[in-house]
S.K.: 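I have a structure here, written as structure tokens, and I will follow up with some questions on it.
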Amino acid sequence: MQISANFDSGNVEVIDASNPQQVVLAIRPDTHSGHFQWFHFKVDGLTPGRQYGFSLSNAGQSSYPNAWTGYHAVASYDQRNWFRVPSRFEQGALNFDVEPQQATIWFAYFEPYSRARHAQLIDQAQRLAGAELLATGRSLEGRAIELLRISRNPQASRKIWLIAQQHPGEHMAEWFMEGVIERLQQGDDAELNALLAQADLYLVPNMNPDGAFRGHLRTNFAGCDLNRAWQSASEAESPEVYFVQQQMRVIGVDLFLDIHGDEEIAHVFTAGCEGNPNFSPRLARLEQQFRQLLIDNGAEFQTTFGYTPDQFGQANTTLACNAVGLEFDCLAFTIEMPFKDHDDRPNPHTGWSGERSKQLGKDVLGVAAAMVGQLR
Ligand code: GEM
Ligand code: ZN
């Protein structure tokens, strides 16, 4: 049996593989940061039908140790079809057993979004009507941060921004962006035609390519949490945020959506700008309308579970959502998808998945279309 993780978004260290029924592994922390939770590894040389056991022995020291309760790892034989394997968080380790059907299997914290698929997505997006690669920033290790603009009406006055995967382990975020771009490919979409008659879309499908490639959970190559860098972005520590902020200040923002994943809460939810000093009845009304439309449109979304709302004036404005909502006095959300499942409509076979993330992206685009005329 061979275990490897030396590949795109791979992360695991082998501690002791001498006993196939109790393979002891550990998750590697982000480079220059203590954060860890994301894992992704490949096992070769298995005997189909035989029982194997794997143990992520340091799970209890991860960034969100409580998140392992009720969590089930994802597995795949072909890196396309992923399914959940029953997992147990016990004595500080995450343990899961498999009786593999094939000699090779991959395990991960969530369905990975590969750099190769990202490259295909960027190519695909540029073939959309009205699309252009408007600008390209550079990560600390020199990977591209692509800013795409979709513009189909030169008179369109509204600027709608979606950025994704500031936190590199939150792979559901780029799946969401693939759903957005896939919907933009549909020709006969009246909702989208109405949206693009009034607004240009600005899309950054992956904010943290270095962290994604390195199998990080939360930080970039310098160990910076990009979602805490929006009041102090620098080319030295957080060029990814610095680039997007510079573009926003040239272009403007009327609606901002920051796409994330959440380790602990088994539901899809949003966090808004209720704690910002500029939060107003107008913004409160827009936030309520956005959430209600998502629910009315049948999206996998709910408002019962989520983060504790900030007290007025107490927002942490180093976060993208709060920083952009404040600076541009616009509707701004953090959109959170679960690493576990959306327990309002559970799917025990897949849990929350890439496909469900894509569908949410399509649904959110429909809500943006319904609200574009009321953003200012
Ligand atoms: C979260 S966003 C946290 C927002 N909290 C409140 N109370 N509005 C983060 O960056 O910690 C997003 C994420 O990690 O997915
Ligand atoms: Zn996040």
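What you see is a predicted model, and the numbers here were worked out from it, not measured in a lab. Just so you know, ligand 1 is whichever comes first in the structure, and atom 1 is the first atom listed for that ligand.
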S.K.: Establish, yes or no, whether a centroid distance under 6.0 Å links the rings of F107 and W82.
M.R.: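 Judged by ring-centre distance (under 6.0 Å), F107 and W82 do not meet the cut-off.
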S.K.: Measuring to the Zn ion (ligand 2), does D262 have an N/O/S atom at a distance below 2.8 Å?
M.R.: no
S.K.: Looking only at distances, can you tell me whether any N or O atom of G272, backbone or side chain, sits closer than 3.5 Å to an N or O atom of ligand 1?
M.R.: no
S.K.: Tell me which protein heavy atom sits closest to atom 13 (C) of ligand 1, plus the residue, atom name and distance to 0.1 Å.
M.R.: E336 OE2, 3.2 Å
S.K.: Taking both backbone and side-chain atoms of H167, is any N or O found less than 3.5 Å from an N or O belonging to ligand 1?
M.R.: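 Yes; at least one N/O pair falls below 3.5 Å.
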S.K.: Sort out for me which residue in Y64, F89, Y109 forms a ring-ring contact (aromatic ring centres under 6.0 Å, His included) with Y71.
M.R.: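 Single ring-ring contact (aromatic ring centres under 6.0 Å, His included) partner of Y71 among Y64, F89, Y109: Y109.
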S.K.: Mark up the atoms of ligand 1 that fall under 4.0 Å of a heavy atom belonging to R218, in ascending order.
M.R.: 9 (C), 10 (O), 11 (O), 14 (O)
S.K.: Between D310 and ligand 1, which residue portion shows a heavy-atom distance shorter than 4.0 Å: side chain, backbone, both, or neither?
M.R.: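 For D310, only side-chain atoms sit under 4.0 Å from ligand 1.
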S.K.: In terms of atom number and element, which parts of ligand 1 are under 4.0 angstrom from non-hydrogen atoms of G261?
M.R.: 15 (O)
S.K.: Before signing off on this row, confirm whether E274 and ligand 1 have an N or O atom pair separated by under 3.5 Å.
M.R.: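 E274 vs ligand 1: no N/O contact under 3.5 Å.
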S.K.: Using a 4.0 Å cutoff against the non-hydrogen atoms of T308, which atoms of ligand 1 qualify?
M.R.: 7 (N)
S.K.: State the atoms of ligand 1, each with its element, that fall below the 4.0 Å cut-off from a heavy-atom position in L319.
M.R.: 2 (S), 3 (C), 4 (C)
S.K.: Pairing donors with acceptors under 3.5 angstrom, does anything connect the side chains of E336 and Y307?
M.R.: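 Checked: E336/Y307 side chains pair up, N/O donor to acceptor below 3.5 Å.
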S.K.: Should we say atom CG of D78 is surrounded by more than 12 heavy atoms from elsewhere, each under 6.0 Å from it?
M.R.: yes
S.K.: Please determine if T334 has a nitrogen or oxygen closer than 3.5 Å to a nitrogen or oxygen of ligand 1.
M.R.: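 So ligand 1 has no N or O lying under 3.5 Å from an N or O of T334.
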S.K.: How far apart are the closest heavy atoms of A197 and N153, and which atoms are they?
M.R.: O-ND2, 2.6 Å
S.K.: Any link between F83 and M337 through a network of hydrophobic side chains (Ile, Leu, Val, Met, Phe, Trp, Tyr) touching at under 4.5 Å?
M.R.: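 As far as the 4.5 Å side-chain criterion goes, M337 and F83 are connected within one cluster.
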S.K.: Answer yes or no: is there an ion pair linking E191 with R183, defined by an N-O contact shorter than 4.0 Å?
M.R.: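 Yes, charged N to carboxylate O under 4.0 Å.
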S.K.: Is a salt bridge present between R117 and E178, judged by a nitrogen-to-oxygen distance below 4.0 Å?
M.R.: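 A salt bridge is present here (some side-chain N lies under 4.0 Å from a carboxylate O).
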